[in-house]
Undergrad: 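Take a look at this one; I'll ask things after.
The basis for the numbers below is simple: all heavy atoms, side chains too, and nothing from hydrogens, waters or symmetry mates.
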Number of protein chains: 2
Amino acid sequence: MAEKKSDRTRAAILAAARERFGADGYERATIRAIAADAAIDPAMVIRYYGSKEKLFAAAAEFDIRLPVFTDVPLASLGETLVRHFLGRWGGDDTLRVLLRTAVTNEVAVDRMRGIFAGQLAPTLRAHALDRPDVRAGLVATQMLGFALCRYILELPPIVHMRDDEVVSWLGPTVASYLTAPAPSQA
Amino acid sequence: MAEKKSDRTRAAILAAARERFGADGYERATIRAIAADAAIDPAMVIRYYGSKEKLFAAAAEFDIRLPVFTDVPLASLGETLVRHFLGRWGGDDTLRVLLRTAVTNEVAVDRMRGIFAGQLAPTLRAHALDRPDVRAGLVATQMLGFALCRYILELPPIVHMRDDEVVSWLGPTVASYLTAPAPSQA
DNA sequence: GTCTATAATTCGATAGAC
DNA sequence: GTCTATCGAATTATAGAC
């Protein structure tokens, strides 16, 4: 009995929640709509997850799994990072949920900060780069800005760009944020 | 009688609306809170602007006033654009309102698209650059990503960065998006 | 012009039958 | 475990007195 019915119900709720939160944002995504998508009763959502806030926390919970990339030569680290984020954005709803909801939900903001300050910065530190926090922040501006324009604003030229084109354009930018000498100032 | 009392009331409502929409987003910003900020009755907000949706449209209405920059040499156009956007983000609430609300409000998305597709792209076209729409989109990813990280997510290293540092880091990126040869493909 | 009172919805969450 | 019924709170928007 490895697969209980309650487990499938839980998973169905979570999948519907990810879709709704990602499509509508935290405020407009209603328990009722999520329940309808999961084909169950709205009361069940509360029973399984306690509250809307906790359901969101569960939907936004995921393993960022950002490798440390210590074996990647510094010269190609920028391109590697762009490819990695492209794969993650495309394959998983969770990052889009975070991006969509980070505007009004403090939990999402904290989690987004954790990805770049808590995961990417240490990776850069492992490569012995100076000012890893600043460089991680700059990478965040470019990668999150790309995600914003592609998945939320849906700017036509960004939406239609092929992945290898994206790498060609953004790779050198990220690389420069990693390795370019920092401007003067302590 | 150039200054009626009703005009001041209208202006007070609009100013409070910009502040609330920018701070809380469209859904969480309530008519009641806006009215309280403006020190008037909530019913007056509806009387003056008809509905919350129309009030938002008015709050997000503004002249982007993006100069064509035809007199700026191409070599320094990137840096000029970064400085221009920095000035606009800092001095006016409206861009932050758009950014905060673009996640859940279609009006804000359209207006944001218009800035880059309808204003920046023609500027690039005036400089005889190839693929102006793609280049304008790329500039959007970097500038909007910076604004997102600084004003919404408030990533510490981005928040604390001085304006001239921002120009030093982002200027070359924007410049490369304007003038770097496009990757292969039609 | 301004404000009180309230209508009409909608939402999150709960209680309890089955 | 599941669903019906509903509560209580919050919202936008309106009607009408002053």
Side-chain angles (χ1 to χ4, degrees), chain A residues 1-61 97 100-101 103-108, chain B residues 1-61 97 100-101 103-108:
Chain A
M1 184 75 89
E3 180 84 359
K4 285 185 178 179
K5 183 175 183 184
S6 61
D7 291 336
R8 276 178 300 155
T9 302
R10 265 189 94 84
I13 294 172
L14 198 62
R18 286 219 173 88
E19 190 171 324
R20 281 286 175 178
F21 282 134
D24 301 335
Y26 182 80
E27 319 287 341
R28 302 184 59 157
T30 64
I31 299 275
R32 286 166 162 80
I34 292 169
D37 285 0
I40 53 133
D41 191 273
M44 299 302 295
V45 177
I46 300 295
R47 181 176 177 85
Y48 274 90
Y49 286 94
S51 71
K52 182 182 182 180
E53 191 71 34
K54 290 178 187 170
L55 173 62
F56 172 77
E61 186 76 47
V97 171
R100 173 85 68 173
T101 54
V103 170
T104 52
N105 191 290
E106 200 61 28
V107 173
Chain B
M1 183 76 91
E3 182 82 359
K4 286 186 177 179
K5 183 176 183 184
S6 61
D7 290 337
R8 276 178 301 159
T9 302
R10 267 188 90 86
I13 294 172
L14 198 61
R18 287 218 172 90
E19 192 171 324
R20 282 287 176 178
F21 282 135
D24 301 336
Y26 181 80
E27 319 288 340
R28 303 185 58 157
T30 65
I31 298 276
R32 284 167 162 79
I34 292 169
D37 286 359
I40 53 134
D41 191 89
M44 298 302 295
V45 178
I46 299 296
R47 180 177 176 86
Y48 274 90
Y49 286 93
S51 71
K52 183 181 182 181
E53 190 71 35
K54 289 178 186 171
L55 173 61
F56 172 77
E61 186 75 49
V97 172
R100 174 86 66 173
T101 54
V103 171
T104 51
N105 192 291
E106 199 62 27
V107 173

Undergrad: Check whether any side-chain heavy atom of A:Tyr48 lies under 4.5 Å from a side-chain heavy atom of A:Leu14, and answer yes or no.
TA: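 The answer is no, as the side chains (C-beta and beyond) never meet within the 4.5 Å cut-off.
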
Undergrad: How long is the line joining OH of A:Tyr26 and P of C:dG12, in whole Å?
TA: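 Taking atom P of C:dG12 as the reference, OH of A:Tyr26 is at 8 Å.
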
Undergrad: So with a 6.0 Å cut-off around CZ of A:Arg10, is the heavy-atom count from everything else above 12?
TA: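 Counting neighbours around CZ of A:Arg10, more than 12 heavy atoms of other residues, nucleotides or ligands fall under 6.0 Å, so yes.
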
Undergrad: Nearest 0.5 Å please: distance from the CZ atom of A:Arg100 over to the CG atom of A:Asn105.
TA: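 Answer for the CZ-CG pair, A:Arg100 versus A:Asn105, is 14.0 Å.
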
Undergrad: Can you figure out which of C:dA15, D:dT11, C:dA13 approaches the side chain of A:Arg32 most closely?
TA: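 The answer is C:dA13.
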
Undergrad: Round to the nearest Å and state the distance from A:Arg8 atom CZ to D:dG1 atom C1'.
TA: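 Result: 13 Å.
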
Undergrad: Taking only side-chain N and O atoms of B:Ser6, does any of them lie within less than 4.0 angstrom of OP1 or OP2 on C:dG1?
TA: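 So the side chain of B:Ser6 is within the cut-off, an N or O lying under 4.0 Å from OP1 or OP2 of C:dG1.
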
Undergrad: Can you work out whether B:Met44 or A:Lys52 has the more 5'-proximal nearest nucleotide on DNA chain C?
TA: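 Between the two, 5'-proximity favours B:Met44.
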
Undergrad: So if I take every side-chain heavy atom of A:Thr9 and compare against C:dC3, D:dC3, D:dT2, which nucleotide ends up nearest?
TA: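 Nearest to the side chain of A:Thr9 among the choices is D:dT2.
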
Undergrad: Check the distance between C:dA15's P and A:Ile46's CD1 and give it to me in whole angstrom.
TA: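 Result: 13 Å.
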
Undergrad: Looking at every non-hydrogen atom in both residues, tell me the closest pair between B:Ala108 and B:Thr101 and how far apart they are.
TA: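 Answer, listing the atom of B:Ala108 first, then B:Thr101: CB-OG1, 3.5 Å.
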
Undergrad: Select base, sugar-phosphate, or nothing to describe what A:Ala29 touches, counting heavy atoms under 4.0 Å on all strands.
TA: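 Counting heavy atoms under 4.0 Å across all strands, the contact made by A:Ala29 is with sugar-phosphate only.
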
Undergrad: Can you check the A:Glu27 CD to D:dA10 P distance for me, whole Å?
TA: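 In whole Å, D:dA10 P and A:Glu27 CD are 15 Å from each other.
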
Undergrad: How many Å lie between CG on A:Asp41 and P on D:dT6, as a whole number?
TA: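 Nearest whole value for this atom pair: 14 Å.
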
Undergrad: Name the orientation class of the two ring planes belonging to B:Tyr26 and B:Phe56 (parallel below 30°, tilted from 30 to 60°, perpendicular beyond 60°).
TA: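 It falls in the perpendicular class, over 60°.
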
Undergrad: Whole angstrom is fine here: how far is it from CZ in B:Arg28 over to P in C:dC11?
TA: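 Computing the B:Arg28:CZ to C:dC11:P distance gives 17 Å.
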
Undergrad: How many whole angstroms separate atom CD1 of A:Ile31 from atom C1' of D:dG8?
TA: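 After rounding, the gap between these two atoms is 16 Å.
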
Undergrad: In whole angstroms, how far is the P atom of D:dT2 from the CZ atom of A:Arg47?
TA: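 From A:Arg47 CZ to D:dT2 P: 8 Å.
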
Undergrad: Ignoring the backbone of A:Tyr48, work out which of C:dG12, D:dG1, C:dT4 is nearest its side chain.
TA: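 Selected nucleotide (nearest to the side chain): D:dG1.
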
